[in-house]
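Only a predicted model underlies this, so the values are computations on that prediction, with no experimental measurement involved.
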Amino acid sequence: MEHTEFNKDLIEFLNASPTPWHAVNTMKTRLEAAGFQPLDEREEWSLQPGQGYYVTRNGSSIVAFRTGTKDVVSSGIRMVGAHTDSPCLKAKPNPEIRRKGFFQLGVEVYGGVLLNPWFDRDLSLAGRVTVLDDNGKVRDTLVNFRKPVAIIPSLAIHLDREANSSRTVNAQTDLPPVVMQVPETDTTTFAELLKQQIAKESGLQTSKILGYELSFYDAQGAALVGLREEFLASARLDNLLSCYIGLQALLETSGDEPALLVCNDHEEVGSMSAEGAQGPFLTAVLDRWCGAGKTRAIARSMMISADNAHGIHPNYMDRHDENHGPLLNQGPVIKVNHNQRYATNSRSAALYRHISDELGLPHQTFVVRSDMGCGSTIGPLTAGNLGVTTLDIGVPQFAMHSIREMIGTRDGYTLFQVLREFMQRAEVF
(Lines give C-alpha, C1' and ligand atoms only; values in the text may rest on other atoms or scores of the structure.)
Protein backbone atom coordinates (compact mmCIF):
# COMPACT_ATOMS: atom_id res chain seq x y z
CA MET A 1 0.00 0.00 0.00
CA GLU A 2 1.47 3.36 -1.01
CA HIS A 3 0.85 6.86 0.34
CA THR A 4 -2.07 7.96 -1.87
CA GLU A 5 -3.88 4.64 -1.59
CA PHE A 6 -3.37 4.71 2.21
CA ASN A 7 -5.12 8.07 2.61
CA LYS A 8 -7.93 7.16 0.23
CA ASP A 9 -8.63 3.98 2.20
CA LEU A 10 -8.30 5.86 5.49
CA ILE A 11 -11.06 8.25 4.37
CA GLU A 12 -13.32 5.29 3.57
CA PHE A 13 -12.60 3.79 7.00
CA LEU A 14 -13.37 7.04 8.82
CA ASN A 15 -16.62 7.62 6.94
CA ALA A 16 -17.77 4.05 7.65
CA SER A 17 -17.07 4.36 11.39
CA PRO A 18 -19.20 7.07 13.06
CA THR A 19 -19.27 5.24 16.42
CA PRO A 20 -17.11 2.66 18.24
CA TRP A 21 -19.59 -0.08 17.27
CA HIS A 22 -19.36 0.83 13.61
CA ALA A 23 -15.56 1.08 13.84
CA VAL A 24 -15.29 -2.42 15.32
CA ASN A 25 -17.72 -3.75 12.74
CA THR A 26 -15.63 -2.21 9.97
CA MET A 27 -12.47 -3.77 11.41
CA LYS A 28 -14.17 -7.17 11.72
CA THR A 29 -15.14 -7.06 8.05
CA ARG A 30 -11.60 -6.27 6.99
CA LEU A 31 -10.06 -8.90 9.26
CA GLU A 32 -12.39 -11.62 8.02
CA ALA A 33 -11.62 -10.68 4.42
CA ALA A 34 -7.95 -11.27 5.27
CA GLY A 35 -8.65 -14.73 6.74
CA PHE A 36 -8.83 -13.85 10.45
CA GLN A 37 -11.16 -16.11 12.40
CA PRO A 38 -13.61 -14.85 15.04
CA LEU A 39 -13.32 -16.08 18.63
CA ASP A 40 -16.06 -16.16 21.27
CA GLU A 41 -15.09 -15.47 24.89
CA ARG A 42 -17.85 -17.86 26.01
CA GLU A 43 -16.31 -20.82 24.21
CA GLU A 44 -13.11 -22.87 24.35
CA TRP A 45 -10.32 -21.66 22.08
CA SER A 46 -8.03 -23.86 20.00
CA LEU A 47 -5.41 -21.52 18.58
CA GLN A 48 -3.28 -22.70 15.68
CA PRO A 49 0.20 -21.47 14.64
CA GLY A 50 0.34 -19.08 11.73
CA GLN A 51 -3.31 -18.08 12.02
CA GLY A 52 -5.06 -14.76 12.58
CA TYR A 53 -7.88 -14.35 15.12
CA TYR A 54 -10.02 -11.61 16.57
CA VAL A 55 -12.36 -11.27 19.53
CA THR A 56 -14.69 -8.41 20.50
CA ARG A 57 -16.21 -7.26 23.76
CA ASN A 58 -19.39 -5.16 23.97
CA GLY A 59 -19.15 -4.76 20.21
CA SER A 60 -17.08 -1.62 20.81
CA SER A 61 -13.63 -3.06 21.65
CA ILE A 62 -11.57 -5.55 19.67
CA VAL A 63 -8.38 -7.58 20.02
CA ALA A 64 -6.94 -9.02 16.80
CA PHE A 65 -3.77 -11.08 16.68
CA ARG A 66 -1.56 -13.33 14.62
CA THR A 67 -0.25 -16.34 16.50
CA GLY A 68 2.88 -16.40 14.34
CA THR A 69 4.92 -19.42 13.37
CA LYS A 70 7.13 -19.24 16.48
CA ASP A 71 6.44 -20.04 20.11
CA VAL A 72 4.78 -17.03 21.71
CA VAL A 73 6.50 -17.48 25.08
CA SER A 74 10.01 -17.50 23.65
CA SER A 75 9.30 -14.85 21.01
CA GLY A 76 7.13 -12.36 22.88
CA ILE A 77 4.37 -10.31 21.25
CA ARG A 78 4.60 -7.13 19.20
CA MET A 79 1.56 -5.20 20.44
CA VAL A 80 -0.12 -2.02 19.19
CA GLY A 81 -2.92 -0.30 21.10
CA ALA A 82 -5.43 2.41 20.22
CA HIS A 83 -8.97 3.41 21.21
CA THR A 84 -12.25 3.39 19.31
CA ASP A 85 -14.13 6.19 21.09
CA SER A 86 -14.08 9.93 20.49
CA PRO A 87 -15.58 12.87 22.39
CA CYS A 88 -19.13 13.51 21.22
CA LEU A 89 -22.74 14.23 22.17
CA LYS A 90 -24.82 11.19 23.10
CA ALA A 91 -28.62 11.02 23.14
CA LYS A 92 -30.11 10.73 26.63
CA PRO A 93 -32.39 7.78 27.56
CA ASN A 94 -35.53 9.98 27.57
CA PRO A 95 -34.41 12.63 25.10
CA GLU A 96 -37.62 14.17 23.69
CA ILE A 97 -37.90 17.93 24.12
CA ARG A 98 -40.80 19.87 22.54
CA ARG A 99 -40.63 23.65 22.48
CA LYS A 100 -42.64 25.99 20.24
CA GLY A 101 -43.21 23.21 17.72
CA PHE A 102 -39.53 22.19 17.57
CA PHE A 103 -38.65 18.57 18.30
CA GLN A 104 -35.26 18.37 20.00
CA LEU A 105 -33.21 15.65 21.66
CA GLY A 106 -31.46 16.03 24.99
CA VAL A 107 -27.78 15.10 24.91
CA GLU A 108 -25.06 14.12 27.34
CA VAL A 109 -21.50 15.29 26.75
CA TYR A 110 -19.17 12.30 26.35
CA GLY A 111 -15.51 13.00 27.10
CA GLY A 112 -13.64 16.28 26.85
CA VAL A 113 -15.59 17.78 23.94
CA LEU A 114 -14.55 21.10 22.39
CA LEU A 115 -18.15 22.32 22.32
CA ASN A 116 -18.22 25.50 20.22
CA PRO A 117 -17.47 23.77 16.88
CA TRP A 118 -20.62 21.64 17.29
CA PHE A 119 -22.85 24.61 16.54
CA ASP A 120 -24.21 25.12 13.02
CA ARG A 121 -22.93 21.77 11.75
CA ASP A 122 -24.97 19.23 9.79
CA LEU A 123 -25.35 16.39 12.28
CA SER A 124 -26.32 12.77 11.81
CA LEU A 125 -26.98 10.07 14.40
CA ALA A 126 -25.60 6.54 14.78
CA GLY A 127 -24.89 3.82 17.30
CA ARG A 128 -26.15 0.57 18.77
CA VAL A 129 -29.79 -0.20 19.57
CA THR A 130 -31.08 -3.15 21.58
CA VAL A 131 -34.55 -4.21 20.47
CA LEU A 132 -37.24 -6.81 20.95
CA ASP A 133 -37.92 -8.17 17.49
CA ASP A 134 -41.23 -9.49 16.18
CA ASN A 135 -40.23 -13.01 17.24
CA GLY A 136 -39.84 -11.95 20.85
CA LYS A 137 -36.02 -12.13 20.76
CA VAL A 138 -33.76 -9.51 22.34
CA ARG A 139 -31.04 -8.51 19.89
CA ASP A 140 -28.59 -5.74 19.06
CA THR A 141 -28.51 -3.88 15.79
CA LEU A 142 -26.48 -1.00 14.43
CA VAL A 143 -28.18 2.12 13.15
CA ASN A 144 -26.80 5.02 11.12
CA PHE A 145 -29.05 7.77 9.75
CA ARG A 146 -26.15 8.88 7.48
CA LYS A 147 -27.86 12.00 6.14
CA PRO A 148 -28.00 15.23 8.17
CA VAL A 149 -30.91 14.91 10.60
CA ALA A 150 -30.13 17.56 13.22
CA ILE A 151 -28.45 20.89 13.90
CA ILE A 152 -27.54 22.99 16.94
CA PRO A 153 -28.20 26.56 15.77
CA SER A 154 -26.11 29.37 17.23
CA LEU A 155 -27.83 32.31 18.86
CA ALA A 156 -27.53 35.34 16.54
CA ILE A 157 -24.90 37.86 17.57
CA HIS A 158 -27.64 40.52 17.69
CA LEU A 159 -29.05 38.65 20.71
CA ASP A 160 -25.65 37.93 22.27
CA ARG A 161 -23.39 40.93 21.73
CA GLU A 162 -20.60 39.37 23.81
CA ALA A 163 -20.50 36.14 21.79
CA ASN A 164 -17.06 36.85 20.31
CA SER A 165 -15.46 37.85 23.59
CA SER A 166 -16.99 35.89 26.46
CA ARG A 167 -19.33 33.22 25.18
CA THR A 168 -19.72 30.11 27.31
CA VAL A 169 -21.67 26.96 26.51
CA ASN A 170 -24.15 25.44 28.97
CA ALA A 171 -24.17 21.72 28.19
CA GLN A 172 -27.69 21.25 29.55
CA THR A 173 -29.52 24.14 27.91
CA ASP A 174 -27.50 25.17 24.82
CA LEU A 175 -26.80 21.83 23.16
CA PRO A 176 -30.08 19.96 22.45
CA PRO A 177 -30.10 19.59 18.63
CA VAL A 178 -33.17 20.54 16.61
CA VAL A 179 -34.39 17.43 14.77
CA MET A 180 -37.65 18.54 13.18
CA GLN A 181 -40.75 20.71 13.48
CA VAL A 182 -43.96 19.10 14.69
CA PRO A 183 -47.51 20.29 15.40
CA GLU A 184 -48.36 21.02 19.02
CA THR A 185 -50.58 17.92 19.00
CA ASP A 186 -47.82 15.61 17.71
CA THR A 187 -47.02 12.64 19.94
CA THR A 188 -44.17 11.09 17.92
CA THR A 189 -41.60 9.42 20.16
CA PHE A 190 -37.92 9.00 19.54
CA ALA A 191 -38.40 5.23 19.87
CA GLU A 192 -40.84 5.29 16.95
CA LEU A 193 -38.34 7.20 14.83
CA LEU A 194 -35.68 4.61 15.68
CA LYS A 195 -37.98 1.74 14.70
CA GLN A 196 -38.58 3.36 11.32
CA GLN A 197 -34.86 3.85 10.70
CA ILE A 198 -33.99 0.28 11.73
CA ALA A 199 -36.62 -1.11 9.37
CA LYS A 200 -35.34 1.14 6.59
CA GLU A 201 -31.70 0.13 7.08
CA SER A 202 -31.92 -3.57 7.77
CA GLY A 203 -35.52 -4.62 7.23
CA LEU A 204 -35.65 -5.67 10.89
CA GLN A 205 -39.13 -5.29 12.33
CA THR A 206 -39.09 -4.47 16.01
CA SER A 207 -41.88 -4.49 18.56
CA LYS A 208 -39.99 -2.48 21.18
CA ILE A 209 -36.84 -0.40 21.65
CA LEU A 210 -35.23 -1.68 24.85
CA GLY A 211 -32.15 0.54 24.94
CA TYR A 212 -29.63 2.41 22.84
CA GLU A 213 -26.24 4.12 22.82
CA LEU A 214 -26.45 6.74 20.09
CA SER A 215 -24.06 9.54 19.20
CA PHE A 216 -24.48 12.62 17.06
CA TYR A 217 -21.69 13.08 14.55
CA ASP A 218 -20.59 15.45 11.80
CA ALA A 219 -22.35 14.43 8.60
CA GLN A 220 -19.57 15.97 6.50
CA GLY A 221 -17.20 13.22 5.47
CA ALA A 222 -13.43 13.13 5.72
CA ALA A 223 -11.61 15.04 3.01
CA LEU A 224 -8.19 16.10 1.77
CA VAL A 225 -7.60 19.80 2.44
CA GLY A 226 -5.07 22.39 1.27
CA LEU A 227 -3.98 23.81 -2.05
CA ARG A 228 -1.66 20.83 -2.40
CA GLU A 229 -3.88 18.44 -0.43
CA GLU A 230 -1.25 18.09 2.26
CA PHE A 231 -3.83 17.87 5.05
CA LEU A 232 -6.69 15.56 5.91
CA ALA A 233 -9.71 16.84 7.89
CA SER A 234 -12.24 14.56 9.54
CA ALA A 235 -14.24 13.80 12.63
CA ARG A 236 -12.84 11.17 15.04
CA LEU A 237 -9.22 11.28 13.88
CA ASP A 238 -8.56 10.95 17.61
CA ASN A 239 -8.32 8.02 17.61
CA LEU A 240 -9.74 6.11 14.66
CA LEU A 241 -6.63 7.14 12.75
CA SER A 242 -4.52 4.98 15.08
CA CYS A 243 -7.04 2.12 14.88
CA TYR A 244 -6.73 2.19 11.11
CA ILE A 245 -2.93 2.40 11.16
CA GLY A 246 -2.67 -0.49 13.62
CA LEU A 247 -5.13 -2.58 11.63
CA GLN A 248 -3.31 -2.06 8.35
CA ALA A 249 0.03 -2.83 9.97
CA LEU A 250 -1.32 -6.10 11.38
CA LEU A 251 -2.90 -7.08 8.06
CA GLU A 252 0.32 -6.46 6.13
CA THR A 253 2.81 -8.14 8.46
CA SER A 254 4.58 -11.28 7.36
CA GLY A 255 2.75 -13.29 10.03
CA ASP A 256 5.91 -14.99 11.29
CA GLU A 257 6.07 -13.17 14.63
CA PRO A 258 3.28 -13.12 17.24
CA ALA A 259 1.60 -9.71 16.81
CA LEU A 260 -1.48 -8.13 18.33
CA LEU A 261 -3.73 -5.08 17.96
CA VAL A 262 -6.04 -3.94 20.75
CA CYS A 263 -8.56 -1.14 20.23
CA ASN A 264 -10.35 -0.27 23.47
CA ASP A 265 -13.50 1.73 24.06
CA HIS A 266 -13.91 4.39 26.79
CA GLU A 267 -10.42 5.93 26.69
CA GLU A 268 -11.94 9.40 26.55
CA VAL A 269 -13.70 8.88 29.89
CA GLY A 270 -10.92 7.14 31.82
CA SER A 271 -10.91 3.57 30.42
CA MET A 272 -12.49 2.03 33.52
CA SER A 273 -14.97 -0.43 32.02
CA ALA A 274 -15.19 -4.11 31.12
CA GLU A 275 -13.94 -3.30 27.62
CA GLY A 276 -11.69 -0.35 28.50
CA ALA A 277 -7.91 -0.37 28.88
CA GLN A 278 -8.25 -0.41 32.68
CA GLY A 279 -10.48 -3.47 32.40
CA PRO A 280 -9.47 -7.14 32.00
CA PHE A 281 -10.13 -7.60 28.28
CA LEU A 282 -6.56 -7.70 26.96
CA THR A 283 -5.30 -9.65 29.98
CA ALA A 284 -8.02 -12.26 29.46
CA VAL A 285 -7.03 -12.73 25.81
CA LEU A 286 -3.33 -13.06 26.68
CA ASP A 287 -4.09 -15.56 29.46
CA ARG A 288 -5.84 -17.82 26.97
CA TRP A 289 -3.20 -17.38 24.28
CA CYS A 290 -0.02 -17.66 26.37
CA GLY A 291 -1.24 -19.83 29.23
CA ALA A 292 1.18 -20.36 32.11
CA GLY A 293 3.98 -18.74 30.09
CA LYS A 294 2.30 -15.31 29.91
CA THR A 295 4.73 -13.60 32.30
CA ARG A 296 7.73 -14.79 30.28
CA ALA A 297 6.03 -13.78 27.04
CA ILE A 298 5.31 -10.28 28.39
CA ALA A 299 8.95 -9.87 29.43
CA ARG A 300 9.90 -10.37 25.76
CA SER A 301 7.11 -8.16 24.42
CA MET A 302 6.52 -4.48 23.74
CA MET A 303 3.40 -2.35 23.41
CA ILE A 304 3.18 0.70 21.17
CA SER A 305 0.26 2.83 22.31
CA ALA A 306 -0.78 4.96 19.33
CA ASP A 307 -2.84 8.07 20.10
CA ASN A 308 -2.60 11.41 18.35
CA ALA A 309 -0.33 14.21 19.54
CA HIS A 310 -0.68 18.00 19.66
CA GLY A 311 0.96 19.54 16.61
CA ILE A 312 2.29 23.06 17.05
CA HIS A 313 -0.40 25.53 15.94
CA PRO A 314 0.97 28.54 14.00
CA ASN A 315 -1.47 30.87 15.78
CA TYR A 316 -0.64 29.55 19.26
CA MET A 317 3.04 28.66 19.21
CA ASP A 318 3.50 29.71 22.85
CA ARG A 319 1.43 26.71 23.98
CA HIS A 320 4.36 24.37 23.29
CA ASP A 321 7.79 23.90 24.81
CA GLU A 322 10.15 25.71 22.45
CA ASN A 323 12.17 22.55 21.80
CA HIS A 324 9.22 20.17 21.47
CA GLY A 325 6.72 21.57 19.00
CA PRO A 326 5.80 18.76 16.57
CA LEU A 327 5.10 19.83 12.99
CA LEU A 328 2.47 18.28 10.74
CA ASN A 329 3.95 16.13 7.96
CA GLN A 330 7.29 15.89 9.77
CA GLY A 331 6.77 12.45 11.28
CA PRO A 332 5.03 10.67 14.18
CA VAL A 333 5.58 12.05 17.66
CA ILE A 334 7.18 10.11 20.53
CA LYS A 335 5.33 11.35 23.63
CA VAL A 336 7.34 11.74 26.83
CA ASN A 337 6.17 12.56 30.35
CA HIS A 338 8.36 11.58 33.28
CA ASN A 339 5.33 11.80 35.62
CA GLN A 340 3.98 8.73 33.76
CA ARG A 341 1.10 10.39 31.95
CA TYR A 342 2.79 8.67 29.01
CA ALA A 343 4.46 5.28 29.38
CA THR A 344 7.44 6.00 27.11
CA ASN A 345 10.87 5.31 28.54
CA SER A 346 14.30 5.68 26.97
CA ARG A 347 14.37 2.02 26.00
CA SER A 348 11.02 1.92 24.20
CA ALA A 349 11.72 5.26 22.49
CA ALA A 350 15.11 3.99 21.36
CA LEU A 351 13.62 0.95 19.64
CA TYR A 352 11.12 3.08 17.72
CA ARG A 353 13.82 5.55 16.68
CA HIS A 354 16.05 2.68 15.58
CA ILE A 355 13.38 1.11 13.36
CA SER A 356 12.36 4.50 11.97
CA ASP A 357 15.97 5.42 11.20
CA GLU A 358 16.53 2.05 9.50
CA LEU A 359 13.56 2.79 7.22
CA GLY A 360 14.77 6.36 6.58
CA LEU A 361 11.59 7.84 8.08
CA PRO A 362 11.20 10.96 10.24
CA HIS A 363 10.14 11.11 13.88
CA GLN A 364 9.61 13.86 16.46
CA THR A 365 9.32 14.17 20.24
CA PHE A 366 6.70 15.92 22.37
CA VAL A 367 6.98 17.07 25.97
CA VAL A 368 4.25 19.29 27.42
CA ARG A 369 5.22 22.71 28.76
CA SER A 370 6.30 22.43 32.39
CA ASP A 371 3.61 24.94 33.42
CA MET A 372 0.75 23.03 31.76
CA GLY A 373 -1.07 19.81 32.56
CA CYS A 374 -0.48 16.73 30.44
CA GLY A 375 -3.10 14.46 28.92
CA SER A 376 -2.76 10.69 28.94
CA THR A 377 -3.49 7.58 26.88
CA ILE A 378 -4.07 3.86 27.24
CA GLY A 379 -0.28 3.44 27.36
CA PRO A 380 0.29 3.84 31.12
CA LEU A 381 -2.83 1.80 31.89
CA THR A 382 -1.74 -1.11 29.70
CA ALA A 383 1.83 -0.93 30.99
CA GLY A 384 0.58 -0.97 34.58
CA ASN A 385 -1.82 -3.85 33.99
CA LEU A 386 0.54 -6.10 32.03
CA GLY A 387 4.01 -5.01 33.12
CA VAL A 388 4.98 -4.63 29.46
CA THR A 389 7.54 -2.18 28.08
CA THR A 390 5.49 0.53 26.39
CA LEU A 391 5.91 3.46 24.02
CA ASP A 392 3.37 6.27 23.59
CA ILE A 393 3.39 7.74 20.10
CA GLY A 394 0.98 9.51 17.81
CA VAL A 395 0.43 11.44 14.62
CA PRO A 396 0.50 15.23 15.20
CA GLN A 397 -2.85 16.92 14.72
CA PHE A 398 -4.76 20.18 15.12
CA ALA A 399 -8.13 20.76 16.83
CA MET A 400 -8.01 17.68 19.07
CA HIS A 401 -11.48 16.88 20.49
CA SER A 402 -13.19 19.21 18.05
CA ILE A 403 -16.03 17.95 15.85
CA ARG A 404 -13.54 18.15 12.96
CA GLU A 405 -9.82 17.57 13.38
CA MET A 406 -6.84 17.85 11.03
CA ILE A 407 -3.63 15.93 10.34
CA GLY A 408 -0.91 15.93 7.71
CA THR A 409 -1.34 13.38 4.95
CA ARG A 410 2.19 11.96 5.26
CA ASP A 411 2.37 11.23 8.99
CA GLY A 412 -0.18 8.42 9.17
CA TYR A 413 1.54 6.54 6.36
CA THR A 414 4.91 7.01 8.06
CA LEU A 415 3.62 5.54 11.33
CA PHE A 416 2.04 2.66 9.43
CA GLN A 417 5.37 1.75 7.84
CA VAL A 418 7.18 1.71 11.18
CA LEU A 419 4.44 -0.28 12.95
CA ARG A 420 4.36 -2.83 10.12
CA GLU A 421 8.10 -3.36 10.52
CA PHE A 422 7.77 -3.50 14.33
CA MET A 423 5.08 -6.19 14.12
CA GLN A 424 7.25 -8.47 12.01
CA ARG A 425 10.55 -7.80 13.74
CA ALA A 426 12.32 -10.99 14.80
CA GLU A 427 13.54 -9.58 18.11
CA VAL A 428 12.22 -6.75 20.28
CA PHE A 429 13.97 -7.14 23.65
Side-chain angles (χ1 to χ4, degrees), residues 3 7 10 82 86-87 111-119 121 162-169 218 222-242 245 267-268 305-344 346 349 352-353 356-357 361-377 379-380 391-415 418:
H3 170 259
N7 284 307
L10 169 60
S86 303
V113 182
L114 192 62
L115 291 174
N116 280 303
W118 280 78
F119 288 81
R121 301 289 304 186
E162 305 302 315
N164 288 332
S165 59
S166 60
R167 182 186 182 191
T168 59
V169 178
D218 187 0
L224 298 177
V225 176
L227 289 176
R228 296 175 178 173
E229 294 189 336
E230 58 264 77
F231 310 115
L232 191 153
S234 175
R236 303 175 302 281
L237 286 171
D238 175 17
N239 190 30
L240 290 187
L241 171 63
S242 299
I245 293 171
E267 189 273 348
E268 298 292 358
S305 166
D307 200 351
N308 295 356
H310 299 292
I312 188 167
H313 195 304
N315 298 341
Y316 304 93
M317 293 188 293
D318 62 338
R319 304 302 172 91
H320 281 75
D321 181 275
E322 58 268 27
N323 292 332
H324 302 90
L327 295 172
L328 271 61
N329 283 318
Q330 295 299 310
V333 181
I334 296 170
K335 299 193 284 188
V336 177
N337 182 267
H338 294 303
N339 292 298
Q340 297 304 300
R341 299 294 290 170
Y342 302 131
T344 303
S346 59
Y352 183 91
R353 291 191 184 102
S356 184
D357 289 346
L361 297 171
H363 49 75
Q364 307 178 78
T365 303
F366 171 78
V367 179
V368 73
R369 282 178 58 108
S370 297
D371 56 1
M372 295 178 66
C374 183
S376 192
T377 71
L391 170 78
D392 271 302
I393 198 163
V395 168
Q397 73 164 91
F398 291 160
M400 189 175 289
H401 289 195
S402 177
I403 193 171
R404 196 164 180 84
E405 302 166 321
M406 191 175 91
I407 59 169
T409 55
R410 292 200 293 270
D411 294 323
Y413 185 64
T414 297
L415 183 56
V418 178

Worksheet item: Is the count of non-hydrogen atoms from other residues, nucleotides or ligands lying under 6.0 Å from N323 atom CG greater than 12?
Response: yes
Worksheet item: Between N339 (side chain) and R341 (backbone), is there a donor-acceptor pair under 3.5 Å?
Response: no
Item to complete: Taking N308 for its side chain and G394 for its backbone only, find out whether a donor-acceptor pair lies under 3.5 Å.
Response: no
Worksheet entry | No-hydrogen, no-angle side-chain donor-acceptor test under 3.5 Å, H401 and E268 | yes
Extract all donor-acceptor atom pairs below 3.5 Å that involve side chains of residues 223-236 and protein atoms in other chains or at least two apart in sequence.
residue, atom, partner, partner atom, Å
E230, OE1, R228, N, 3.1
R236, NE, S17, O, 2.9
R236, NH2, L14, O, 3.0

Worksheet item: Does a donor on one side chain sit under 3.5 Å from an acceptor on the other, for D392 and T377?
Response: yes
Practice prompt. Without swapping roles, check the side chain of D411 against the backbone of N329 for a donor-acceptor pair under 3.5 Å.
Written response: yes
Worksheet item: Under a 4.5 Å cut-off applied to non-hydrogen side-chain atoms, are L415 and Y352 in contact?
Response: yes
Worksheet, complete the sentence: CD of Q397 to OG of S402, rounded to nearest 0.5 Å, is 9.5 Å
Response to the item:
Separation between CD1 (I403) and CH2 (W118), nearest 0.5 Å, reads 4.0 Å
Worksheet item: Should we count CZ of R369 as having more than 12 external heavy atoms under 6.0 Å?
Response: yes
Worksheet item: For D307 and S242, does a side-chain donor sit closer than 3.5 Å to a side-chain acceptor?
Response: no
